[in-house]
Number of protein chains: 2
Amino acid sequence: MPPVTTPESVERLSRPQQVAEAIKSWVMANGWGPGHRLPSELDLIGRFGMAKGTIREAIRILEAQGLVKSRTGPGGGVFVHQVSEARATALLGNYFYFQHLTIDDIYQIREALEPELAANLAGQLSETQLAALEDVMTCYSEPARTPEEEREQHIASLRFHALLAEMSGNPLLRFLIRFTANMLADITVSRRLYSQPNRELWSSGLDYQARLVAALRAGDGEAARAILTDHMQNAHRLMKLQETVLTQRFLPEGQII
Amino acid sequence: MPPVTTPESVERLSRPQQVAEAIKSWVMANGWGPGHRLPSELDLIGRFGMAKGTIREAIRILEAQGLVKSRTGPGGGVFVHQVSEARATALLGNYFYFQHLTIDDIYQIREALEPELAANLAGQLSETQLAALEDVMTCYSEPARTPEEEREQHIASLRFHALLAEMSGNPLLRFLIRFTANMLADITVSRRLYSQPNRELWSSGLDYQARLVAALRAGDGEAARAILTDHMQNAHRLMKLQETVLTQRFLPEGQII
DNA sequence: CCCAATTTGTTCGTATGTATC
DNA sequence: AGATACATACGAACAAATTGG
């Protein structure tokens with residue numbers, strides 16, 4: 001009888017990684033939620049029969065994934081922690097560091113998802129929410145004068161989409177829309193992809209968004225979808241003018257829109 | 001004059017985290033790619049003026065994010081590493097552990113993205129690629145007899161989509177489609193969400209996919225889009241029958257479709 | 001305000017494991 | 001097979017942060 005084969009696809013895990021996985025599934029199995037305190041370092045050292053350094057490295061692995069947080073002092077310890085959107089964004093951003101994402105790639109997703117979001121939200125928003133959207137829009141009611149204003153307006157328009165996403169009841173849709181917006185914002189900032197020629201063109205975004213809010217308020221889902229489809233295609237075309245290959249960078253976490 | 005305020009939103013980073021961030025931006029600034037060797041532990045200890053344990057924890061953090069890998073022995077060391085799709089999937093999956101994703105949530109995304117993918121691929125695939133797709137389809141040319149076969153067929157059908165995604169030139173689209181398929185596969189496996197009633201209904205997926213491959217071969221993008229839209233809505237409806245709130249779990253990494 | 005207890009955070013010295021030559 | 005160069009692991013000590021008396 002052949003021995004229990006370990007497929008080579010399953011890499012040998014270092015001890016801290018093993019411990020991290022063990023703790024992970026332990027938390028899972030017991031259904032411990034955010035805020036639950038794990039055993040102390042000393043306790044874990046005893047349970048796993050390993051040195052302090054090893055245990056600490058394991059905890060660092062979990063912490064890097066955003067799954068736990070640790071505090072010092074009495075009543076301190078290691079606590080189960082809900083992965084933040086900022087961390088998830090940063091971690092996923094790392095994946096695309098070496099993948100050559102283009103403006104086209106990102107807009108292909110946005111063109112598919114944003115109209116879906118708009119249709120989804122029509123007639124579902126409170127007047128407070130609609131007012132919040134209109135509030136962001138005022139940031140670019142005036143045409144930009146300087147490149148700096150230009151940049152701010154572009155970022156603000158991305159914030160509009162982020163706010164819209166936040167109102168969605170679908171966490172996955174919400175995350176993806178904000179993630180793609182973040183990627184774009186990152187490009188515009190890091191590559192200075194906001195130059196003179198498009199000055200009036202961006203301001204046309206204001207018109208789209210005003211019409212969108214109207215459609216959302218009226219509860220006309222198909223109109224909202226059509227407007228955002230149009231908006232996305234236009235924005236795509238504009239960004240395309242300054243097409244560049246995206247040299248995405250590691251995201252130092254925290255800088256989310 | 002007030003002191004330079006540190007906004008509380010910017011949390012104080014522990015030393016290993018600082019080191020990890022420093023190494024990250026160091027790699028970035030120098031444009032080092034996968035395979036590049038970082039200085040040895042001992043070297044890093046010297047550069048940062050910190051103890052071995054601290055440096056090791058920093059490296060663990062980067063390793064947990066999938067950004068580096070370390071090897072022992074002569075010629076060993078810490079190497080820049082391209083984040084794998086499996087790791088990115090696992091890390092993002094962690095984020096959705098506490099978010100209550102439903103079947104509807106996931107299918108809302110699939111219904112938006114999969115047709116887009118199909119339209120994108122029409123007329124772009126080689127005969128070899130088309131044959132590979134047809135090959136996967138043979139896995140469920142026979143109606144399932146047992147629940148076990150049923151499950152396998154469902155997984156195989158998800159694999160079909162994963163294979164399709166792999167052929168896309170858009171890394172973001174590719175990742176998202178495979179990620180959503182993985183989430184679904186995870187549900188079906190963990191919640192045993194493949195039960196008797198749908199036996200013949202799943203087999204109707206075969207028909208969809210056969211027509212899809214035909215459209216792809218013919219280069220008819222709009223037909224492909226329509227077929228997949230239909231297919232998604234149907235699959236959604238079927239899964240909905242066994243609707244459950246998704247109790248996603250931590251993904252132990254590596255189990256990708 | 002300070003002191004003491006608790007818990008994580010950091011350091012150093014040493015020893016072991018592993019891959020290359 | 002043995003030497004070398006590296007990561008990996010251990011253990012004991014000390015430092016820093018937080019809480020409560």
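Below, chain A is the first sequence line, B the second, and so on; all start at residue 1. Basis for what follows: all heavy atoms, side chains included, without hydrogens, waters or symmetry-related copies.
- From the 5' end on, the contacts that DNA chain C makes with chain A at under 4.0 Å to a non-hydrogen atom open and close at dA5(C) to dT10(C).
- The aromatic rings of Phe175(A) and Phe96(B) sit perpendicular to each other, their planes meeting at more than 60°, with 30° as the lower class boundary.
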Quick one: what's the B/S/- string for nucleotides 7-13 of chain D, heavy-atom cutoff under 4.0 Å, read 5' to 3'? SBBB---

Enumerate donor-acceptor pairs with a distance under 3.5 Å from any side-chain N or O in residues 29-39 of chain A to protein atoms, sequence neighbours excluded.
{"unit_1": "Arg37(A)", "atom_1": "NH1", "unit_2": "Gly76(A)", "atom_2": "O", "d": "2.9"}

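- By the side chain to side chain contact (heavy atoms under 4.5 Å, CB included) test, Ser14(A) is found to be paired with Pro16(A), Gln17(A), Arg60(B), residues two or more places apart in sequence or in another chain being considered.
- In summary, Arg178(B) and Glu166(B) engage in a salt bridge, as defined by a charged side-chain N under 4.0 Å from a carboxylate O.
- Ala64(A) is linked by a side chain to side chain contact (heavy atoms under 4.5 Å, CB included) to Ile61(B), Ala64(B), Gln65(B), counting only residues two or more places apart in sequence or in another chain.
- By the 4.0 Å N-to-carboxylate-O rule, Glu41(B) lies close enough to Arg56(B) to be salt-bridged with it.
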Validation: residues 42-53 of chain B side-chain donor-acceptor distances under 3.5 Å, sequence neighbours left out:
{"unit_1": "Asp43(B)", "atom_1": "OD1", "unit_2": "Arg47(B)", "atom_2": "NE", "d": "3.1"}

